[in-house]
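Every heavy atom of this structure was used, including side-chain atoms; hydrogens, water molecules and symmetry mates were not. For the single chain, residues carry numbers from 1 onward in sequence order. Everything numeric in this text was worked out from a predicted model, so none of it was measured.
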Amino acid sequence: MGAVYEAEEVASGRRVALKLVLPEFAGSAETLIRFRQEGRLASALSIRAASFVLAADEMPAGRTSSWS
């Protein structure tokens, strides 16, 4: 359903995990609902060892990355 990459948040310089829905699943409403739900649930956690959500967004139709 998704792929996770190590990235850097430019503003803070910290290492982050970037999770993206794979293009072959992006057209599925069920997948996008599940992906958003996962983000909401993760952002509600307050466990030090757990990850947290900095942002969640969608790209305009037809774009596959912010740099394309």
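With rounding to the nearest 0.5 angstrom, the CZ atom of R34 is 14.0 Å from the CZ atom of R36.
Judged as a side-chain contact (heavy atoms from CB on, under 4.5 Å), and not counting sequence neighbours, V10 has no contacts. For the side-chain contact (heavy atoms from CB on, under 4.5 Å) test, residues two or more places apart in sequence or in another chain that qualify with A3 are Y5, L22.
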Mind listing the side-chain donor-acceptor pairs of residues 23-32 below 3.5 Å, one per line with the distance, residues two or more places apart or on another chain?
unit_1	atom_1	unit_2	atom_2	d
S28	OG	E30	N	3.4
S28	OG	T31	N	3.1
S28	OG	T31	OG1	3.1

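Scanning both residues, K19 and V4, for their nearest heavy atoms gives CG-CG2, 3.9 Å.
Here E9 does not pair with R15 in a salt bridge; the nearest charged N to carboxylate O distance is not below 4.0 Å.
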